[in-house]
A.B. asks: 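The structure follows.
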Protein chains: 2
Amino acid sequence: MSRRRRVTLTDVAVRAGVSATTASYILNGRSAQMRISTPTDERVRNAAAELGYRPNRSARSLRTATTTTIGVISDFVASGHYASQMLTGASAAARESDHLLMIGETEGDAALEERLIDEMLERQVDGILYATLTTRQVTVPQALLQQRVVLVNCIDPGSDLPAVLPDELQAGRTAARLMVDAGITSEVYAVGEDPTPGALSGALRLEGLRYGLEEAGGALAGVIPCDWDVVPARDAVSQWLCSGRMPRGFVCLNDRVAMGVYQALSERRLHVPDVAVVSFDGSDLATWLQPRLTSIAVPYDEMGALAMHRLVEPEGAARDLLAVATVPMVVGWGGSLPDRRAALSRLV
Amino acid sequence: MSRRRRVTLTDVAVRAGVSATTASYILNGRSAQMRISTPTDERVRNAAAELGYRPNRSARSLRTATTTTIGVISDFVASGHYASQMLTGASAAARESDHLLMIGETEGDAALEERLIDEMLERQVDGILYATLTTRQVTVPQALLQQRVVLVNCIDPGSDLPAVLPDELQAGRTAARLMVDAGITSEVYAVGEDPTPGALSGALRLEGLRYGLEEAGGALAGVIPCDWDVVPARDAVSQWLCSGRMPRGFVCLNDRVAMGVYQALSERRLHVPDVAVVSFDGSDLATWLQPRLTSIAVPYDEMGALAMHRLVEPEGAARDLLAVATVPMVVGWGGSLPDRRAALSRLV
DNA sequence: TGCTCGTGCTGATTCGATTCAGCATATGTT
DNA sequence: AACATATGCTGAATCGAATCAGCACGAGCA
């Protein structure tokens, strides 16, 4: 666009009256070890500033074989806050180490996924964050196996790729705790069991919930299955209530389900918190419902940040293959929990 | 990671028994104009496939000064579907021309914005999509003025950068039309006027709404101001209803406002559609409310795609500076509308 | 005076693909 | 047979920064 050729390192060197080599050392902060004198150092820096020098990363990348760029492969970027919250966390973490993010949305299409991965590898990304919308097990494409990769919100049982997962088990136990604290240990029903193959969050949340209730001498009274959305939940619970049962609490597997439950209760002139409702996600929706919904946040932004840190951290550092992001609501918690890794491995 | 050095063009050339030059021509689809024989062409392609050759884009970029990569600068990526829907549209459009997206979230911080733009320019992006969460006027950073840039959801009155904006005027008129079709031309109130400086959508929606009602011989009865969120809208409308007025319809400036209105109506035992409610955004929320909310979708994905097309389209093509994305709900519409550009210029 | 050693800087090469200019060899023309 | 033309390919330069190996110069020392 601008008619003037872009400013190169040589331009800076010429203006400062030194060689490109010297300019390179100085601008890369290697003055000290290269014994560059202070006056020269300053001359070069001034020249760079005056010319508005911006290094050409393509050239640098060619030479150093690094791009300080990370690829993010995700099945869905747009759907809800999950993916984008993760992206925000990852993006912020990337910034700490001057990395930029390159994104690719696969829409669940394996061919597209391969193409996007190829494009990223051609562009020499330094690593790839492989994320999924729902917590589940996956089989990552072959091409990724010999790359630097961290999985987010999913695990690949067939590989030893490091993964970051939310601590759904603890989240489930927190839900139980909320019920117990409200004096409710019986007639608690879960809403939204999902039998999707490979899905993990529902099963883990339920397991944590069961464990937490039993810990307090209670038990989960039952599970009302339905898809994780408002209308299916409303219909399922509405019908379930027709049977005349009188629940004391509902634990909804996400906030949209909870909204459906609110509606179903309202239809029968039942009110929250006469019937207690607890849910998972901590989305905005929870603050919009009346009365406000108690919801357990899944820290997607933390997960993104954690994954990014693992990805850019110096190689060889001792580290777990499985990182489990904590759930913020869990504070000052005592007592033991069935081993998380064991719980996971039972499921996969 | 893999101990084997990456496969280069020369490796392919050697295996096929030709020069790197020839291999380059063939793999870039220039066999015909370079008069490469079919057997040679095939030998090279086979060699590339067998070795799993992946061109090094850094090298290509250095030589050609293009990266087939587009930067997206956005104030917020995570907040709601707006930004991410735009991103999805842009991403899909980018794929058509084999471009990849590099993202940067500025969080509304000007210094961070400049840094991200710098990082992107260093990485030689071929163009930049500059997007905002809310439709408003902006002043883009100096550094962008001599780059290939398209604005999305905002305009910069101080520059002649091309922009893609939603057709909020038409959207407002559509809202009016929905009311009129329901037989309502009086006692219609708008909810959510916002006086944020630089904001455009509210004012344009209102203008279109007024125009549409007057067109049908009616008029907008009034405006209830409040922030564009559930609780403020609920409170504002709840209080407004206390005054004993009996509205026939509410036009809410977004879906969250509409949810607040539903709640306020419900408190006073008023029911939709006895009081008609129309809203803007077409978010999932609209389908969750009971009864389903009539909402006018803003096509953020289309806007992203449109902007991306403008960005990668061959230079010099005749084109408007101001592209206005259509609102999908507007179909087979007759009649004229006050000039959009004029309406915009009145506001900026 | 001759020697080593530290200081401050530079020339030349490299990364991998693109691309201009051109070189053999075969084919056709008169 | 002499010459033009087409065919099929290649050598070398290039993009811009990073980096290895080393050079000139002066100080310090015997």
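The chains referred to below are lettered A, B, ... by the order of the sequence lines, with proteins before strands, and numbering in each begins at 1. Note that the structure is a prediction, hence the values are computed from the model and not measured.
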A.B. asks: Looking at D:dG8, I'd like to know if its phosphate oxygens (OP1 or OP2) sit under 4.0 Å from a side-chain N or O belonging to B:Tyr25.
C.D. replies: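 False: B:Tyr25 side-chain N/O out of range (4.0 Å or more) of D:dG8 OP1/OP2.
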A.B. asks: Rounded to the Å, how far apart are B:Ile26 CD1 and C:dT19 P?
C.D. replies: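 So the two atoms are 15 Å apart, to the nearest Å.
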A.B. asks: Is the phosphate of D:dG16, meaning OP1 or OP2, less than 4.0 Å from a side-chain N or O of A:Arg57?
C.D. replies: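 For D:dG16, neither OP1 nor OP2 has a side-chain N or O of A:Arg57 closer than 4.0 Å.
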A.B. asks: Given atom CZ of A:Arg43 and atom P of C:dG8, what is their separation to the nearest angstrom?
C.D. replies: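 Whole-Å distance recorded here is 13 Å.
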A.B. asks: Roughly, in whole Å, what's the span from CG in A:Asp11 to C1' in D:dC15?
C.D. replies: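 Nearest whole value for this atom pair: 13 Å.
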A.B. asks: Measuring to OP1 and OP2 of D:dG8, would you say a side-chain N or O of B:Ser37 lies under 4.0 angstrom away?
C.D. replies: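 Indeed not, no polar side-chain atom of B:Ser37 lies that close.
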A.B. asks: Would you kindly give the CG-to-P distance between B:Leu51 and C:dA17, to the nearest whole Å?
C.D. replies: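 Result: 12 Å.
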A.B. asks: Tell me which one of A:Met120, A:Glu119, A:His99 satisfies side-chain contact (heavy atoms from CB on, under 4.5 Å) with A:Val125.
C.D. replies: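 Only match with A:Val125 under side-chain contact (heavy atoms from CB on, under 4.5 Å): A:Met120.
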A.B. asks: Calculate the interatomic distance between B:Leu9 atom CG and C:dT14 atom C1'; express it in whole Å.
C.D. replies: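 Spelled out: CG on B:Leu9 to C1' on C:dT14 is 17 Å.
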A.B. asks: In terms of side-chain geometry, is the basic nitrogen of A:Asp156 or A:Arg136 positioned less than 4.0 Å from the acidic oxygen of its partner?
C.D. replies: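 Judged by the 4.0 Å cut-off on N to carboxylate O distance, A:Asp156 and A:Arg136 do not form a salt bridge.
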A.B. asks: May I ask you to say what B:Ile36 touches in the nucleic acid, namely base, sugar-phosphate or nothing, with a heavy-atom cut-off under 4.0 Å?
C.D. replies: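 Sugar-phosphate, backbone atoms only, no base.
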A.B. asks: If you count every heavy atom of other residues, nucleotides or ligands that lies below 6.0 Å from A:Gln33 atom CD, does the total exceed 12?
C.D. replies: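 Result for CD/A:Gln33: enclosed.
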A.B. asks: Counting only side-chain nitrogens and oxygens, does B:Ser24 get under 4.0 Å of the OP1 or OP2 atom of C:dT18?
C.D. replies: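 Yes, such a contact exists.
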A.B. asks: How many Å lie between CZ on B:Arg54 and P on C:dG16, as a whole number?
C.D. replies: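 B:Arg54 atom CZ is separated from C:dG16 atom P by 15 Å.
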A.B. asks: On a plain distance test, is the side chain of B:Arg63 in donor-acceptor contact with the base of C:dA17 below 3.5 Å?
C.D. replies: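 Absent.
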A.B. asks: Decide yes or no for B:Glu113 and B:Tyr130: does some side-chain heavy atom of the first lie under 4.5 Å from some side-chain heavy atom of the second?
C.D. replies: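 The answer is yes, as the side chains (C-beta and beyond) meet within the 4.5 Å cut-off.
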A.B. asks: Within this structure, what is the CG-to-P distance between A:Leu27 and D:dG16, rounded to whole angstrom?
C.D. replies: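 Spelled out: CG on A:Leu27 to P on D:dG16 is 16 Å.
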A.B. asks: For a quick test of reading the model: is some side-chain N or O of A:Asn56 closer than 4.0 Å to OP1 or OP2 of D:dC15?
C.D. replies: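 Answer no for this pair, as no side-chain N or O of A:Asn56 is under 4.0 Å from OP1 or OP2.
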A.B. asks: Taking only side-chain N and O atoms of A:Arg30, does any of them lie within less than 4.0 angstrom of OP1 or OP2 on D:dT19?
C.D. replies: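 Yes, within the criterion.
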A.B. asks: Measure distances between side-chain N and O atoms of A:Thr21 and base N and O atoms of C:dG11, and say whether any donor-acceptor pair falls under 3.5 Å.
C.D. replies: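 Such a pair is found, so the answer is yes.
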A.B. asks: Tell me whether A:Arg15 is salt-bridged to A:Asp11, with the criterion being a basic N under 4.0 Å from an acidic carboxylate O.
C.D. replies: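 Salt bridge: no.
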A.B. asks: Looking for any heavy atom pair under 4.0 Å, which part of the strands does A:Thr40 touch: base, sugar-phosphate only, or nothing?
C.D. replies: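 Result for A:Thr40 = sugar-phosphate.
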A.B. asks: How do B:Leu62 and B:Ser19 order along DNA chain D: which one's closest nucleotide is nearer the 5' end?
C.D. replies: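 It is B:Ser19, whose closest nucleotide lies nearer the 5' terminus.
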A.B. asks: Would you mind telling me which residue lines up with the more 5' stretch of DNA chain D, B:Ala20 or B:Arg35, judged by nearest nucleotide?
C.D. replies: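 Going by which nucleotide is closer to the 5' end, it is B:Arg35.
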A.B. asks: Could you tell me the separation between the CD atom of A:Gln33 and the P atom of D:dT19, rounded to a whole number of Å?
C.D. replies: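 Value for this atom pair: 10 Å.
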A.B. asks: Taking A:Leu165's backbone N and O only, do any of them form a donor-acceptor pair with A:Asn153's side chain (distance below 3.5 Å, no angle check)?
C.D. replies: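 Between the backbone of A:Leu165 and the side chain of A:Asn153 there is no qualifying donor-acceptor contact (under 3.5 Å).
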A.B. asks: Under 4.0 Å between a side-chain N/O of B:Asn28 and OP1 or OP2 of C:dA17, yes or no?
C.D. replies: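 No, outside the criterion.
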